[in-house]
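Have a look at the structure below before the remarks.
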Amino acid sequence: MKIAILPGDGIGTEIMAEAVKVLGVLDLKFETESALVGGVAYDAHGHPLPEGTLNLAKAADAVLFGAVGDWKYDKLERQFRPEQAILGLRKHLGLFANFRPAICYEQLTHASSLKPELVAGLDILIIRELTGDIYFGQPRGRRTAVDGHFPGAEEAFDTMRYSRPEIERIAHVAFQAARKRASGKGGQGGKVTSVDKANVLETFQFWKDVVTEVHKDYPDVTLEHMYVDNAAMQLVKAPKQLDVVVTGNMFGDILSDEAAMLTGSIGMLPSASLDKHNKGLYEPSHGSAPDIAGKGVANPLATILSSAMMLRYSLNQPEAADRIESAVKAVLSAGLRTGDIWSEGTQRVGTREMGDAVVAALSGKAITTTTKITKS
Ligand code: IPM
Ligand code: MG
């Protein structure tokens with residue numbers, strides 16, 4: 001097994017170091033190789049996704065990715081911005097299915113901005129289509145009102161587009177995921193909520209029609225359709241009515257951030273982006289947080305939990321994945337918290353201490369830290 005390690009920018013290096021440390025104590029045989037990606041790759045090689053990095057990702061069995069982006073690259077031409085690295089990896093590796101679970105850990109019910117009773121026990125899976133939609137639609141660009149003179153464009157445009165096979169494959173992924181989740185909970189086929197904007201957009205009327213057709217293969221799974229504006233509202237009104245949510249690239253980007261925040265902290269949530277053979281890229285749902293980079297305070301748990309998803313989905317090591325997830329719960333139960341999930345009465349720790357605590361839990365050692373209980 002070969003894992004490509006791409007820490008990226010901002011807090012990426014700090015959180016990745018903890019995930020690699022955790023993987024290292026699992027007693028599994030794998031090789032890891034790191035490469036630059038994002039802004040740091042642009043600085044070193046003039047491109048956010050250098051060929052060497054892309055080739056490493058292609059050759060590996062799985063990719064563990066940190067985060068990319070920094071305001072200092074905002075003035076670069078779009079093709080050189082750090083974000084293009086993750087978009088390029090998704091496209092070149094064919095990673096079309098993005099799993100973004102939003103799980104409210106029992107220990108963190110009070111870290112949510114919603115009332116505890118609305119989020120206690122929350123367990124939603126957002127499945128975002130990742131290689132189509134307006135993100136990759138052609139044509140796109142800028143033009144002047146008069147014969148294409150630049151600079152001083154008067155108009156800009158991006159094209160929203162989905163093909164039938166693209167919708168069919170993500171719909172199959174969603175129905176199968178709903179079934180699997182339901183059987184894990186001893187229930188029927190589960191429920192899929194397909195989110196669209198069929199009342200306005202042709203692309204999403206088509207989306208709705210194709211999802212409805214694919215549903216015929218899954219009579220045991222309940223399918224409902226929801227407009228995206230209503231979905232945004234239902235997520236904060238009564239999120240527990242949702243089980244699996246499937247949607248396009250753009251709506252999924254927005255709704256997954258919203259759903260993540262219901263759980264108290266985006267710093268807790270892992271994600272997986274899979275191709276049709278279950279090869280995947282695993283990354284925390286949060287970004288590079290340049291404002292706290294280098295301070296040793298970022299929450300490494302989303303990246304550590306992403307490595308658990310990697311073991312489960314791509315490397316066929318479900319027991320190791322379970323062990324990591326249990327260790328994270330043990331650390332939370334012991335009261336350890338990074339700043340983003342800290343609350344009165346819990347113990348504030350830094351990035352490295354959090355990683356060390358997960359390692360201790362995995363090794364069956366007592367979870368201790370050198371930090372005193374913070375009062376404010
Ligand atoms: C995400 C991010 C990316 C996206 C950016 C960094 C390109 O917001 O993974 O959700 O929009 O997909
Ligand atoms: Mg996003």
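Just so we're clear, the structure is a prediction, and the values are computed from it rather than from any experiment. Residue numbers run from 1 in the order of the sequence given. In each ligand, atom 1 is the first atom listed, and ligand 1 is the first ligand listed. FYI, side chains are in, hydrogens and waters are out, and symmetry mates aren't considered; it's all heavy atoms of this structure.
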inquiry  = Give me the residue, atom name and distance of the protein heavy atom closest to atom 10 (O) of ligand 1.
reply    = Asp253 OD1, 2.9 Å

ask   = So do the side chains of Leu118 and Lys237 get within less than 4.5 Å of each other, counting heavy atoms only?
value = no

task = Mind running salt bridge (Lys or Arg N to Asp or Glu O under 4.0 Å) on Glu325 and Arg312 for me, showing each step along the way?
result = CA-CA 11 Å; Glu325 286 162 1; Arg312 180 171 295 119; 2.9 Å; yes

request  = Salt-bridge test for Arg181 and Asp123: reply yes if a basic N is under 4.0 Å from a carboxylate O, no otherwise.
outcome  = yes

request  = Tell me, yes or no, whether the heavy-atom count around Gln205 atom CD, taken from other residues, nucleotides or ligands under 6.0 Å, exceeds 12.
outcome  = yes

task = In sequence, state the C-alpha distance, the side-chain angles, and the governing distance for Gln176 and Tyr218, and then conclude on side chain to side chain donor-acceptor pair (under 3.5 Å).
result = CA-CA 8 Å; Gln176 283 162 17; Tyr218 303 88; 2.9 Å; yes

task = Could you say whether the N/O atoms of Arg100 and ligand 1 ever approach to under 3.5 Å?
result = yes

task = Report yes or no: does a heavy atom of Met250 sit under 4.0 Å from some atom of ligand 1?
result = no

remark   = Checking heavy-atom distances from atom 12 (O) of ligand 1 to each of Arg90, Glu83, His286, the winner is Arg90

Closest non-hydrogen atom pair between Gln107 and Ser333, with its separation = NE2-OG, 2.8 Å

remark   = Of all protein heavy atoms, the one nearest atom 11 (O) of ligand 1 is Tyr135 OH, 2.5 Å

inquiry  = Suppose we only count N/O/S atoms under 2.8 Å; would Asp253 qualify as near the Mg ion (ligand 2)?
reply    = yes

remark   = A student checking ligand 1 against Arg128 at a 4.0 Å heavy-atom cut-off should list atoms 1 (C), 4 (C), 9 (O), 10 (O), 11 (O), 12 (O)

